[in-house]
Amino acid sequence: KRHKFWETQPVGQFKDLGNTSLLEGPIEPPTPLSEVKQEPYNLPAPYEWITCDMDSDEMCVEVYNLLTNNYVEDDENMFRFNYSKEFLQWALRPPGYYRSWHIGVRVKSSKKLVAFITGIPARIRVRDEIVDMAEINFLCVHKKLRSKRLAPVMIKEVTRRVHLENIWQAAYTAGVVLPTPITTCQYWHRSLNPKKLIDVGFSRLGARMTMSRTIKLYKLPDQTATPGFRKMEPHDIPAVTRLLRNYLKQFIVAPDLDENDVEHWLLPQENVVDSYLVESPETHELTDFCSFYTLPSSILGSQSHSTLKAAYSYYNVSTKTPLLQLMNDALIVAKKKDFDVFNALDVMHNETFLKELKFGPGDGKLHYYLYNYRLKHVLRSSELGLVLL
Ligand SMILES: CCCCCCCCCCCCCC(=O)CSCCNC(=O)CCNC(=O)[C@H](O)C(C)(C)COP(=O)(O)OP(=O)(O)OC[C@H]1O[C@@H](n2cnc3c(N)ncnc32)[C@H](O)[C@@H]1OP(=O)(O)O
Ligand SMILES: CCOC(=O)c1cnc2ccc(OC)cc2c1SCCC#N
């Protein structure tokens, strides 16, 4: 498959696979800032760049509407991600964020927003190296402007703006195969509302299974099982940071989170992110942690339902409570919060609980990528400690 754009980029190329003489690390050295292109890339005549100020509610609504109608759909066009406005503001304004990395394309005449791409700064550890990176996300071109090679221009422009901040690496995921994944993960789904998933056509009644038997199969207790299981609160930030930093050490690629990062990414926010921990009733020490984020999807082509309420496993740490029991408690609280499904990737230690907690494998894959950073070997998904939104 020809990748006319990606073959020009400093990313692992398919032709290099197996070439063991290539060293791990940056593919190209940084450019002197004076040599970074100062002006934006050219867009086709009718379009202009706009920097999207996500503090502006009006701008947020425009971004929300573009993504709601034009962002990622599954292969069967059953669902389309429907990130909420408050989720987008959370995802795009972490500590140290750059407004200039929130990039839109407008139609000059109508001022209509027709494309979007974002970056946020992140410290990512790769083995023993801590690398300042940009996490690239929300690349979206309006359905009516597809296949016009706009995406490469969007990507080059965000790259240019990231370079201007003296950052030379990036991390991103995609459902499509590009040069070259550092690992490929599988989505797993745990039904919480099996009747709805059957109504919309995602799940089918098992052979020799009635609807009531199916509902019973996925039924969860009303209360969590772990003594000391409670919602995370602000005063927990230092202990959660210690717990998470220590746990993530075991993975080859993982975020290097400090207390400011933990405060932003893991302090509960309604309809955005939920975090729970286990505080030992005897010693009051924090022993375990689990979290999930809220990402609804529009249900395309269903008369009976318009929105799927989905929870996505985020970062989980088990040091005393078995991960199986901790995640079952996460399922219980997600069900109580009326989620229809709890999704998880097979990253970190997730595969140790997926089958036992009645997750089923999805047919979608998620490929992880690094930009301008070569890894000697493809990673197993269990060697990955990074979850992107
Ligand atoms: C140091 C800092 C570095 C920062 C930058 C790092 C890199 C960040 C990279 C971005 C990470 C984003 C992560 C992220 O947001 C999470 S993945 C979600 C991406 N968005 C969607 O799937 C939304 C629906 N689809 C669309 O809006 C369009 O189809 C898009 C815009 C996807 C492509 O628009 P289009 O109208 O369908 O296509 P053309 O304009 O004609 O362009 C075709 C070229 O684009 C390549 N392509 C297609 N999909 C891609 C994808 N998901 N990543 C990267 N490249 C992708 C494709 O291989 C081809 O190049 P090739 O000819 O070489 O094969
Ligand atoms: C019921 C299980 O499927 C999903 O939750 C879901 C929802 N919305 C999507 C929107 C776009 C989409 O494009 C890949 C997939 C989904 C999926 S499956 C993969 C995500 C997970 N887990």
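One-based numbering, in listed order, for ligands and for the atoms of each.
- For atom 55 (N) of ligand 1, the nearest protein heavy atom (residue, atom name, distance) is W6 NE1, 3.2 Å.
- Residue contacts with ligand 1 for Q169 involve N, CA, C or O but no side-chain atom from C-beta outward (heavy atoms, distance under 4.0 Å).
- The protein non-hydrogen atom at the shortest distance from atom 11 (C) of ligand 2 is V72 O, 3.4 Å.
- With a 4.0 Å cut-off on non-hydrogen atoms, K148 touches ligand 1 through its backbone and not its side chain.
- When side chains are defined from C-beta on, M59 counts as touching I50, because their heavy atoms get closer than 4.5 Å.
- Where the criterion is an N or O separation shorter than 3.5 Å, residue side chain and backbone included, N343 meets it with respect to ligand 2.
- Scanning for salt bridge (charged side-chain N to carboxylate O under 4.0 Å, His left out) contacts around D338 gives an empty result, with sequence neighbours left out.
- Taking atom 17 (S) of ligand 1 as the reference point, the nearest protein heavy-atom neighbour is T173 O, 3.3 Å.
- V158 and L67 are members of different hydrophobic clusters when ILVMFWY side chains are connected at heavy-atom separations under 4.5 Å.
- Within the 4.0 Å heavy-atom shell around ligand 1 one does not find N372.
- Within the 4.0 Å heavy-atom criterion, both parts of Y71, backbone and side chain, lie near ligand 1.
- Where the criterion is an N or O separation shorter than 3.5 Å, residue side chain and backbone included, F5 meets it with respect to ligand 1.
- Closest non-hydrogen pair, Y293 versus S313, comes out as CE2-O, 4.3 Å.
- Nearest to atom 33 (C) of ligand 1 among the protein's heavy atoms is A151 CB, 3.8 Å.
- Between E73 and K143, some side-chain heavy-atom pair lies under the 4.5 Å cut-off.
- Closest heavy-atom approach to atom 59 (C) of ligand 1 within the set H3, R149, K156: this belongs to R149.
- Using a 4.0 Å cut-off between heavy atoms, Y369 makes no contact with ligand 1 at all.
- Contacts with ligand 1 closer than 4.0 Å are made by heavy atoms of both the backbone and the side chain of V141.
- Here is the list of ligand 1 atoms found below 4.0 Å of a heavy atom in N137: 14 (C), 15 (O), 16 (C).
- Residue R80 has no nitrogen or oxygen atom sitting less than 3.5 Å from a nitrogen or oxygen atom of ligand 2, judged on distance alone.
- For atom 50 (C) of ligand 1, the closest non-hydrogen atom on the protein side is V176 CG2, 4.2 Å.
- Distance CG/D55 to CZ/R99: 4.5 Å, rounded to 0.5 Å.
- Residue contacts with ligand 1 include S147, since one of its heavy atoms falls under 4.0 Å from the ligand.
- Protein heavy atom in closest approach to atom 58 (O) of ligand 1: L178 CD2, 3.4 Å.
- Relative ring orientation between H264 and W90 is described as parallel, the plane-to-plane angle staying below 30° on a 0-90° scale split at 30° and 60°.
- Rounding to the nearest 0.5 Å places CD of E263 at 10.0 Å from CG of D258.
- With distances taken over non-hydrogen atoms, the option nearest atom 17 (C) of ligand 2 out of Y71, F79, F342 is F79.
- Polar contact check, L150 against ligand 1: a nitrogen or oxygen pair lies under 3.5 Å apart.
- Proximity of Y187 to ligand 2, defined as any heavy-atom pair under 4.0 Å, is confined to the side chain (atoms from C-beta onward).
- Remark: aromatic rings of Y172 and Y371 are distant, center separation not under 6.0 Å.
- The CG atom of L66 lies 11.0 Å from the CZ atom of R106; values are rounded to the nearest 0.5 Å.
- Contact detail for N70 and R80: the closest heavy-atom pair is N-CD, 4.0 Å.
- When side chains are defined from C-beta on, V131 does not count as touching W168, because their heavy atoms never get closer than 4.5 Å.
- The two atoms that bring W49 and Y41 nearest to each other are NE1-O, 2.8 Å, heavy atoms only.
- At least one donor-acceptor pair under 3.5 Å links the side chain of D74 to the backbone N or O of F79.
- Counting heavy atoms from C-beta on, the side chains of F342 and M327 come closer than 4.5 Å.
- Nearest-heavy-atom check against atom 3 (C) of ligand 1 across A170, A134, P30 picks out A170.
- Annotation: atom 37 (O) of ligand 1 to nearest protein heavy atom, R146 CD, 3.9 Å.
- Regarding atom 32 (C) of ligand 1, its nearest protein heavy-atom neighbour is L139 CD2, 4.2 Å.
- Among protein heavy atoms, the minimum distance from atom 6 (C) of ligand 1 is reached at Y371 CD1, 3.6 Å.
- When distances from atom 30 (C) of ligand 1 to the protein are checked, no heavy atom turns up under 4.0 Å.
- No close placement of the Y247 and F289 rings is indicated, their centers lying 6.0 Å or farther apart.
- Considering backbone and side-chain N/O atoms, S297 comes within less than 3.5 Å of an N/O atom of ligand 2.
- Not one N or O of I136 is nearer than 3.5 Å to an N or O of ligand 1, by distance alone.
- R2 places no side-chain N or O within 3.5 Å of a backbone atom of E7 that could act as its donor or acceptor partner.
- Evaluated by nearest non-hydrogen atom to atom 14 (C) of ligand 2, the leading choice among Q186, E73, M78, R190 is E73.
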